[in-house]
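Report on the following structure.
Residues: numbered from 1 along the sequence shown. In this text, all values refer to a predicted model and were calculated from it rather than measured experimentally. We count ligands from 1, going down the list as the structure has it; atoms in each ligand are counted the same way.
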Amino acid sequence: MQNHLSSMLDKDLDLSAEWSSEHSARLYGVRDWGSDYFDVSEDGNAVVSLQFGNKTTQVPIIDIVNGMRERGLDMPAVLRIENLLDQRITQINEAFAKAIKDADYQNHYRGVFPIKVNQQCHVIEEIADYGSRYHHGLEAGSKAELIIALSQLRDHDSLIICNGYKDEEFIELGLYARQMGIKCFFVLETAMELDIILERSRALGIDPLIGVRIRLASMVEGHWNEDSGDRSIFGLSTNALLGVVEKLKQADMLHCLQLLHSHLGSQIPNIRNIRSGVMEACRFYAGLIEEGAPMGYIDLGGGLAVDYEGARSNSTHSMNYGLDEYCYNIVETLQECLDPLDIKHPVIISESGRALVAYSSMLLFNILEVREHKPDFIPTEPPEDSHDLIVNLYGVMEYVNVDHLQECYNDALYYRDELRELFHHGQATLRDRALAENVTLAILEKISNLLPQARRVSQELEALPELMSDIYYGNFSLFQSLPDIWAIDQLFPIMPIHRLNEAPVRDGVLADMTCDCDGKIDNFISPEGVRKTLPLHPLKAGEEYYVSVFLVGAYQETLGDLHNLFGDTNVVSVHINEDGSFDFRREFHGDSIADVLSYVEYDPKLIQEQFRRIAEQAVRDGRISVPMRQQMLRAFRESMHGYTFFER
Ligand SMILES: *Cc1c(COP(=O)(O)O)cnc(C)c1O
């Protein structure tokens, strides 16, 4: 086995044995981040793994990909597994129900899904469908999201929570919902909103349900720590909160104040932060009761993390707790705080977005090409009359061994650079330079392979495997499909979905289709922590190689942009049945070139007309024939209606 692979794997795995899918499962950590939903089958395929009663059903992702291609849905594509949305809703609701039952908590849980995390129509429809048996509601942060929520709500026991800035129109819509019996809460982010709410509700004669979003002093770790603390841009200060209470009292509307809202931030990796946030929120809740508000609901916002790294640690892309622990912590903290004060247990609301949808989607793409960073054929001896520097490089190559790595590295670069200098001054030929670079590459490769055996390795040498890694060109746009990798250095689990019973002997980074140097992925999870390269397989002639980025259901789709005018990808929603068969429930063809052009204000018809004029002029000038003109116009038209990504 290759050195770089063995150094990454557990010591208890038999490394002398032939590579098996078990090795791949460990290498890519699928059982750590996959949360039992993903695994690797014995025959080397990444599988979706689902529990039907006591029976486990596994479906190779490659089978779904083949089904997609047969249906004309090419790569790249987002694959959604409907069952995983269903499972996550069930697990979150059941986990709260269990914690509530075990602790003898005297009220129930109501989840709401924050629409901003994934607004796609079929995701929201599925959440509304699967969620209805738990009365799982929706959270809206804008008018547009409220309109979605109002159209998707399945029953009157589910909640709609309205956060964000609200104008008159927003508030009227919410009040009409109230009038129809929908439990629609306005959560005050600022004191100013209250005036509009009071005015509109008086004018329409409808009592609103009011919540207050407080600004917690408790700070959290992780990337989104600015949602909390004194300088958070969200929520009411303690003083402003009292102003709201006063104003409600004066308007004789304090009975409308029933909900306390707090949101500490997204992806909170440390359970201790959650506990202290809940504790602080409880104190506010008790304080409002003391002020005479009826209350009855406590909304703890989002923040339930996803273990993208599978490390179960408190690092940014991980979490040091499980779902059950999260629920127990919340329920127990509420009791601890409220019971001594004899305060009735409130309905517990949470707004988990990420934890609910991240697992259900994956981004699939094929590799178009690999630029291998390895030496070409090198003659065993320096050719006759070779330049001295080249002879010296051959000498270094002979000399490479584990005790002289740094020395050989220094010498190789010295001779290579000297030769480049001569080339610069016209004293060495193109062929001299090519050979010198090739031999240097061979030396560096030798050094890189010996590194795992070396006792001490300088920083320079440590970076060598990364410099020597291949570039795998993938058929996707980072900016369109994985914006958080670019924007916030998000880590997602990535692995090939087939050939997993072959050793992935190459080390690569992934480059996308955009001509932007930021359009690459060079941070990967691995059993030994974050790594700069990903073990991958060499391409096989005439065979596609598919890679998947997992856990991309949250935040990625709408944040994506049209960099280089790569548009939305194809999307497929699949439902897996107990017998392992699967149904293509929904399919969406991604943007065509005409679509993306119209997004940036071009008129596709006009563009076609402009091209026609150029072609007609060329006919008149005698450059092309009329049949040729027809052929060109057809190609142009077909391109306009084609996919924005690489088509085979
Ligand atoms: C973004 C957001 C959420 C969702 O947070 P997750 O960490 O994705 O669960 C919930 N509530 C509010 C107010 C938000 O702004």
Side-chain angles (χ1 to χ4, degrees), residues 85 88-89 91-93 95-96 109-120 123-124 127 131 136-142 144-146 148-149 159-166 185-190 193 211-216 220-229 232-236 259-271 273-274 277-278 281 297-308 316-319 321 323 326-327 330 348-361 483-484 487-488 490 492 551-559:
L85 275 179
R88 289 305 287 171
I89 292 179
Q91 282 177 346
I92 290 176
N93 280 280
F96 266 109
Y109 168 75
R110 285 281 180 271
V112 291
F113 176 72
I115 296 175
K116 73 153 194 266
V117 182
N118 193 324
Q119 300 104 330
Q120 300 295 314
V123 172
I124 298 293
I127 288 174
H136 208 98
L138 294 163
E139 185 265 356
S142 66
E145 290 184 356
L146 176 59
I148 293 177
L159 308 176
I160 294 181
I161 306 285
C162 302
N163 289 312
Y165 258 91
K166 295 172 268 300
F185 277 92
F186 297 128
V187 177
L188 298 179
E189 301 259 6
T190 68
E193 275 176 335
V212 278
R213 177 163 180 177
I214 49 160
R215 199 184 296 166
L216 295 181
V220 301
E221 294 156 36
H223 183 82
W224 281 272
N225 56 9
E226 287 183 4
D227 281 358
S228 55
S232 162
I233 53 174
F234 302 107
L236 303 161
L259 179 144
L260 182 104
H261 184 286
S262 73
H263 171 66
L264 282 168
S266 200
Q267 182 69 16
I268 303 176
N270 194 340
I271 188 75
N273 297 155
I274 290 169
V278 175
Y297 297 85
I298 190 160
D299 181 339
L300 299 164
L304 174 58
V306 166
D307 196 354
Y308 295 99
T316 310
H317 308 292
S318 185
M319 61 201 283
Y321 56 95
L323 175 58
Y326 175 79
C327 299
I330 288 175
I348 303 170
I349 303 170
S350 81
E351 303 177 345
S352 280
R354 181 187 299 279
L356 205 141
V357 293
Y359 291 95
S360 61
S361 300
D484 278 350
I488 60 166
Q490 170 81 48
F492 291 105
L551 275 49
V552 297
Y555 297 105
Q556 301 314 292
E557 282 180 62
T558 328
L559 282 175

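- Between the side chains of Thr190 and Tyr165, not a single donor N or O lies within less than 3.5 Å of an accepting N or O.
- The side chain of His263, and not its backbone, has at least one atom closer than 4.0 Å to an atom of ligand 1 (non-hydrogen atoms only; side chain from C-beta on).
- Applying the salt bridge (Lys or Arg N to Asp or Glu O under 4.0 Å) criterion to Glu189, with sequence neighbours excluded, gives Arg213.
- At least one heavy atom of Gly303 sits less than 4.0 Å from an atom of ligand 1.
- Selection from Glu351, Lys116, Arg354 by nearest heavy atom to atom 14 (C) of ligand 1 gives Lys116.
- Using a 4.0 Å cutoff on heavy atoms, Ser352 counts as a contact of ligand 1.
- Heavy atoms of Pro114 found under 4.0 angstrom from ligand 1 belong exclusively to the side chain.
- Counting atoms of ligand 1 from 1 in the listed order, those under 4.0 Å from a heavy atom of Asn163 are 13 (C).
- Here the shortest heavy-atom distance to atom 7 (O) of ligand 1, taken over Ser266, Gly302, Ala358, belongs to Ser266.
- Distance alone, capped at 3.5 Å, places no donor-acceptor pair between the Glu221 side chain and the Thr316 backbone.
- Listed by number with element, the atoms of ligand 1 under 4.0 angstrom from any heavy atom of Gly353 are 6 (P), 8 (O), 9 (O).
- A distance-only check finds no donor-acceptor pair linking the side chain of Glu139 to the backbone of Val112 [under 3.5 Å].
- A distance-only check finds no donor-acceptor pair linking the side chain of Tyr321 to the backbone of Leu304 [under 3.5 Å].
- Residue Tyr555 places a heavy atom under 4.0 Å from ligand 1.
- Residue-level proximity to ligand 1 for Gln267 is carried by the backbone, the only part with a heavy atom below 4.0 angstrom.
- Residues satisfying the side-chain hydrogen bond (donor to acceptor under 3.5 Å, both in side chains) test with Asp299, not counting sequence neighbours, are none.
- Between the side chains of Ser266 and Arg354, at least one donor N or O lies within less than 3.5 Å of an accepting N or O.
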